[in-house]
Amino acid sequence: MNDRYFNLHDRRHSSTNTTLFDTVMPMKRLFFFLLCSTLCSIIQARNEYCGPSPDSSGIRVSDGGALVQVWPTGRPRVDHWRLTKAIARANIGGTVWLCEGTFNMGSNFGNRHTVVIRKALTLEGVYIDQEWQTIVKGGGDGLRPYFPDSVMGPVHIATVLGAVTIDGLWFRDWINKAVYVASVDGFTFTNSKLSHPRIAKNRGFPFGFVDYVHGIIATGRASRGSFVITNNVFDITFGDDTNFRPNDAQPCCLYGFPPTRFDNIQIEDNIIVTENEGLELLGNLPLKQSSIYIRNNTIDMSYKLKGWPDTYAILAGGNAHTSEFVIEDNVLTLNNGFYSNPEDFAVVGVISLTGENFRVRNNRIEVQDFDGRIFRFGNALFGHSITDSVFEDNEIVGSYKGIGVDFTGGQLNKSRRNVFRLGTSLAAASVGSTTIRASGARVCGNTWEGDLGTVEGDLDAVCRL
């Protein structure tokens, strides 16, 4: 893995003021990465090469279909045929082992392909010495009526009665989305990488002019069970050519139109670099109580795309029957880049939540020349109600202006023991504008350093712990 991604995690240790967060969490992180660097060849994907293909078919079936190996050729039509054939020959619950090399799914319209998975199985790549040896390049056969856009990527999971796992693959040069989950009973994406996204300009559905990019997107009532995204790298950036930037881009995860029905969601230990959105979890309506965990992720985010309203590093809303929604131990770094439309500042930020039972704790948030909100309760799609939630032991550092902290949310929420190191950044805020809102919320035991600007509400209210 490139040192660029590991360096993102080092920012957790950059504060000169030592807190419990600074001493305990780095040790936890350091242990994880030392463990990963020494054991990754054991715990991640296949740590062995397939070697040459045994025959011209490029497919070998073992154990009666429990394991199917498939070799790439670099030719789109052949690679698509081989992958489709390998999936067909694998048993339900079996493993399709994508051998080392590049599976070329096509790069031009008319020559792009999508592999459709209709059974429970595992797609597994080769990962050796912290390098992905199996690449799925290109793909997307385009112009299908799937909301929010009409272009499919290289993998479409549909009509699956069991679980699907993708492990140890590098997807690159995919168009508009890499993995589309439409129907599954359990989905895991692990030890993999998404990078070099491409867009189909002016093919957005249903608006025509909107160009979306989604690394992984799950939607629909037939998507249920567990949804696990762990130990991956997402690099959703577009370089310096603004002619090839989408209007909206996000690495992951749920776009509930229609709603999904996952009862266990885990998004953990991922590295995310993005120029628009980070993690989006919208419209999950399971038939029983569910738990959602966003933990130990590093998100590096710069606003270089205009995007839709409510563009946040973590955006959640419309998730019903959630007994616990935990956001903890994440490192979030944001800067505005050249995103500088003042009228949009109120709808961009770090974390925006609507719902209940949130536990936002032990996160480190760094903002650099940022004109948005750190915390915001509510969003345009799902209203402004948040209840029975706690924001505690987070550290917020850097410089921003405008309405930076919005804790407005009612007496059923608590904000406590957070540390805000703001410097003099709020001195540049417009005279008379509110920079910190705490109306109606129990805000207590927090540390505020620097120029706070214009405060609305009591920052020292009593919390009944």
Side-chain angles (χ1 to χ4, degrees), residues 1-6 36-63 65-91 94-107 111-117 121-140 153-155 157 164-174 178-179 188-198 215-216 230-235 270-271:
M1 189 182 297
N2 193 296
D3 288 341
R4 170 192 180 191
Y5 301 110
F6 283 108
C36 178
S37 63
T38 56
L39 299 181
C40 61
S41 63
I42 297 175
I43 65 174
Q44 293 186 341
R46 292 276 172 172
N47 67 330
E48 58 180 314
Y49 293 107
C50 295
S53 173
D55 55 49
S56 60
S57 72
I59 298 174
R60 179 164 60 195
V61 180
S62 304
D63 300 326
L67 175 65
V68 179
Q69 291 172 273
V70 56
W71 280 261
T73 68
R75 302 193 301 274
R77 292 187 184 276
V78 177
D79 286 346
H80 176 251
W81 181 89
R82 286 188 176 185
L83 285 172
T84 301
K85 193 71 172 180
I87 291 170
R89 298 183 68 178
N91 292 343
T95 296
V96 177
W97 180 1
L98 280 67
C99 294
E100 62 274 7
T102 298
F103 289 85
N104 189 343
M105 303 298 288
S107 58
N111 193 36
R112 285 185 177 272
H113 303 279
T114 296
V115 172
V116 181
I117 300 174
L121 54 73
T122 295
L123 293 184
E124 191 173 59
V126 178
Y127 185 93
I128 297 176
D129 296 332
Q130 300 187 31
E131 294 291 339
W132 287 272
Q133 305 296 327
T134 302
I135 299 171
V136 179
K137 183 177 181 179
V155 176
I157 300 172
V164 172
T165 295
I166 296 176
D167 187 357
L169 296 175
W170 179 4
F171 294 89
R172 60 166 298 163
D173 300 293
W174 39 275
V179 179
T188 298
F189 189 85
T190 185
N191 307 317
S192 295
K193 180 178 179 179
L194 296 180
S195 70
H196 301 83
R198 299 291 182 263
I216 299 172
T230 181
N231 199 34
N232 304 290
V233 171
F234 297 87
D235 186 351
N270 301 288
I271 297 173

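Computed from a prediction, not measured in an experiment: that's the story for all the values here.
- Residues W170 and S192 are not in side-chain contact: their nearest non-hydrogen atoms beyond the backbone lie 4.5 Å or more apart.
- Checked options I59, V70, V155, I117; the residue passing with L83 is V70 (criterion: side-chain contact (heavy atoms from CB on, under 4.5 Å)).
- Contact check for I166 versus F171: side-chain heavy atoms found under the 4.5 Å cut-off.
- For N104, the side-chain hydrogen bond (donor to acceptor under 3.5 Å, both in side chains) criterion is met by no residue, not counting sequence neighbours.
- In this structure, a donor-acceptor pair under 3.5 Å is absent between the side chains of D167 and T190.
- Side-chain N or O atoms of N47 include none that pairs as donor or acceptor with a backbone N or O of I128 at under 3.5 Å.
- Taking the side chain as every heavy atom from C-beta outward, R112 and M105 never approach each other to under 4.5 Å.
- Distance alone, capped at 3.5 Å, places no donor-acceptor pair between the D129 side chain and the E131 backbone.
- Checked by atom type and distance alone, the side chain of T134 pairs as donor or acceptor with a backbone atom of L98 at under 3.5 Å.
- Counting heavy atoms from C-beta on, the side chains of R60 and W71 come closer than 4.5 Å.
- Between L194 and W174 the shortest side-chain heavy-atom distance falls below 4.5 Å.
- If you take CG on N191 and CG on N231, they are separated by 5.0 Å, rounding to the nearest 0.5 Å.
- Rounding to the nearest 0.5 Å places CZ of R198 at 4.5 Å from CG of D173.
- Take E100 and apply the side-chain hydrogen bond (donor to acceptor under 3.5 Å, both in side chains) test, not counting sequence neighbours, and it matches no residue.
- Across all non-hydrogen atoms, the minimal contact from G58 to S53 is CA-OG, 3.3 Å.
- Residues N270 and T230 come closest through the heavy atom pair OD1-C, 3.5 Å.
- With sequence neighbours excluded, no residue satisfies side-chain hydrogen bond (donor to acceptor under 3.5 Å, both in side chains) with S62.
- Residues F189 and I216 have side chains in contact (heavy-atom distance under 4.5 Å, counting atoms from C-beta outward).
- Annotation for E124 and L169: closest pair C-CD2, 4.2 Å, computed over non-hydrogen atoms.
- With rounding to the nearest 0.5 angstrom, the SG atom of C99 is 12.0 Å from the CD atom of Q133.
- Counting heavy atoms from C-beta on, the side chains of V126 and W97 come closer than 4.5 Å.
- For the atom pair CG of D79 and NZ of K137, the computed distance is 12.0 Å after rounding to the nearest 0.5 Å.
- The side-chain heavy atoms of P72 and T102, taken from C-beta on, include no pair separated by under 4.5 Å.
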